Amino acid sequence: MALIPYDDRDGQIWIDGKLMPWRECKVHFMTHSLHYAGAIFEGLRCYGGKIFKLNEHSQRLLDGCKILDMKIQYTIEQINQACIDAVRANNITDGYLRPLAWRGAEQIGVAAPLAKVHLAVAAWEWPQYYKGDLLEKGIKVMTSKWRRPAPDTAPVHAKASGLYMICTISKQTAEAQGCNDALMLDYRGHVAELTSANLFMVKDGELHTPTPDCFLDGITRQTVIEMAKGMGFKVHVRTILPDELKTGEEFFATGTAAEITPIGQIDGVEYKVGPVTRKIREAYSALVRGGAVEKVA
């Protein structure tokens, strides 16, 4: 399949208050965030022309900007409207949105209090992240040598671009070894998450997920916890050690891009895509498309 570069596409991108032709949205080489990784981004999905959890994502973007001391000039209502405008301008039905806030080129150097904080939103058709056999057999995952940092060493609760450096190299290493993603442990050696998705383990028909005290408490993760409880599942948010993974019966990942993705192998140990994972996936699909979620027996 031919690669379509993301800077050479039709459509429009909302940037700093107006829509611009996709190919004309450029930033200067001296942009502060390009040099120092000081950017906050979001990922949203659009189903049937409607953006799922728009307000929650916009609020998290604002919260992230506050953590990084980025003085963004937009309100939550304005960010929401920018996302809506991007979807409409590109005629998106089932797709993905990427809002991004970054420091501009007014100053260079570690500190840049006078650098303007810019905002842009791109939207494009993107029905599914994983497809076909991967949804039936599950993705393959291997543990990364890189670990999620401690809360006093990085802004771990912001969706900040700099935090994804170790995710990129971890996922690329995993793919080079025949896997689809990498499992990240935290600084203590506890199970944390995948490179861009949260992790759930199923044991005895109950859900277990790591405590998000040093990584992002994903909006999809929160949605799944609330939904699963409403369906009658018990959900345990707790510390999970790597050795305990071998006792799990089913595993799945959650994220805006990944949605509900089953995991069929972790470090060479195989797991079935079982009934709980399938029920959660079906219920989530119904929820995001405005359908009813049935309670389990």
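In this text the structure is predicted, and so the values were computed from the model without any measurement. The first residue of the sequence shown is numbered 1, and numbering continues consecutively from there.
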Per-pair distances, 0.1 Å, donor-acceptor, side chain in residues 98-110, under 3.5 Å, sequence neighbours excluded:
residue	atom	partner	partner atom	Å
R98	NE	E42	O	2.8
R98	NH2	Y96	OH	2.9
R103	NH2	L68	O	2.6
R103	NH2	D69	O	3.2
E106	OE1	K116	N	2.9
Q107	OE1	L114	N	2.6

- Message: Do Y271 and M201 have side chains that approach each other closer than 4.5 Å (heavy atoms only, starting at C-beta)?
- Response: no
- When rounded to the nearest 0.5 Å, the distance separating CD1 of I225 from CG of L207 is 8.5 Å
- Task: Ignoring hydrogens and angles, tell me if any N or O in the side chain of D186 forms a donor-acceptor pair with the backbone of R188 under 3.5 Å.
- Result: yes
- Quick one: are Q73 and Q78 in side-chain contact, heavy atoms under 4.5 Å? no
- In this structure, CE of M20 is separated from CD1 of I15 (nearest 0.5 Å) by 6.0 Å
- Should L19 and I84 be counted in the same cluster of Ile, Leu, Val, Met, Phe, Trp and Tyr side chains packed under 4.5 Å apart? yes
- Do the side chains of T143 and P242 get nearer than 4.5 Å, heavy atoms only? no
- Message: For a 4.5 angstrom cut-off between non-hydrogen side-chain atoms, does T93 reach C46?
- Response: no
- Message: So, using ring pair (Phe, Tyr, Trp, His ring centres under 6.0 Å) as the criterion, who are the partners of F52 when residues are at least two apart?
- Response: none
- Query: Between H35 (side chain) and F29 (backbone), is there a donor-acceptor pair under 3.5 Å?
  - Reply: yes
- Message: List the residues meeting ring pair (Phe, Tyr, Trp, His ring centres under 6.0 Å) with Y187, not counting sequence neighbours, and say none if there are none.
- Response: none
- Query: Has the side chain of R9 got a donor or acceptor atom that lies under 3.5 Å from a matching backbone atom of I4?
  - Reply: yes
- Item | Near-ring test F215/H190, centroid separation under 6.0 angstrom | no
- Message: Looking at every non-hydrogen atom in both residues, tell me the closest pair between P149 and I166 and how far apart they are.
- Response: CD-CD1, 4.5 Å
- Message: If we ignore hydrogens and angles and just use 3.5 Å, is the side chain of D94 paired with the main-chain N or O of G48 as donor and acceptor?
- Response: yes
- Message: What I'd like to find out is whether the side chain of R148 reaches to under 4.5 Å of the side chain of L163, using heavy atoms alone.
- Response: yes
- Note on the structure: Closest heavy-atom pair, A174 versus D181, reported as atoms and distance to 0.1 Å, is CB-O, 3.4 Å
- Query: Which atom names give the shortest non-hydrogen contact between W146 and S170, and what distance separates them?
  - Reply: CD1-OG, 3.7 Å
- Item | With T211 via side-chain contact (heavy atoms from CB on, under 4.5 Å) - residues at least two apart | D213, V237
- Student check: side-chain heavy atoms of N90 and W22 closer than 4.5 Å: yes
- Item | Inter-residue atom distance S285.OG - L287.CG, 0.5 Å rounding | 9.5 Å
- Would you find a donor on one side and an acceptor on the other, under 3.5 Å apart, between the side chain of Q265 and the backbone of I263? no
- Message: Enumerate the salt bridge (Lys or Arg N to Asp or Glu O under 4.0 Å) contacts for residues 23-37, please, sequence neighbours excluded, ordered by first and then second residue.
- Response: D8-R23, D10-R23
- Query: Who passes side-chain contact (heavy atoms from CB on, under 4.5 Å) against A82, sequence neighbours left out?
  - Reply: W14, V121
- Sequence neighbours excluded - salt bridge (Lys or Arg N to Asp or Glu O under 4.0 Å) pairs with any residue from residues 160-174: K171-E175
- Note on the structure: Here the gap from E282 atom CD to T277 atom OG1, rounded to the nearest 0.5 Å, amounts to 11.0 Å
- When Ile, Leu, Val, Met, Phe, Trp and Tyr are grouped by side-chain heavy atoms lying under 4.5 Å apart, directly or through other members, which residues fall in the same group as L241? none
- Just jot down the side-chain contact (heavy atoms from CB on, under 4.5 Å) partners of E136, sequence neighbours excluded, or say none. R278, R281
- Sorted by chain and number, sequence neighbours left out, side-chain contact (heavy atoms from CB on, under 4.5 Å) with K234 holds for E206, H236
- Honestly curious: do I76 and I51 fall in one hydrophobic cluster under the side-chain, below-4.5 Å linking rule? yes
- Would you say V191 and L245 make side-chain contact, with heavy atoms under 4.5 Å? yes
- Task: Could you tell me the separation between the SG atom of C25 and the CD1 atom of I13, rounded to the nearest 0.5 Å?
- Result: 4.0 Å
- Message: Are the side chains of V202 and F252 in contact, using a 4.5 Å heavy-atom criterion?
- Response: yes
Return all side-chain donor-acceptor pairs below 3.5 angstrom for residues 216-223, not counting sequence neighbours, or 'none' if the list is empty.
residue	atom	partner	partner atom	Å
D217	OD1	R221	NH1	2.7
T220	OG1	T256	N	3.2
R221	NH2	P210	O	3.1
Q222	NE2	D217	O	2.8
T223	OG1	I219	O	2.8

- Output yes when a side-chain donor or acceptor of T195 lies under 3.5 Å from a complementary backbone atom of C167, and no otherwise. no
- Task: Using the side chain to side chain donor-acceptor pair (under 3.5 Å) rule, collect all pairs that involve residues 45-55, keeping only residues at least two apart or in two chains.
- Result: Y47-E259, N55-N80
- For the atom pair CE (M184) and CZ (R147), what is the distance rounded to the nearest 0.5 Å? 10.5 Å
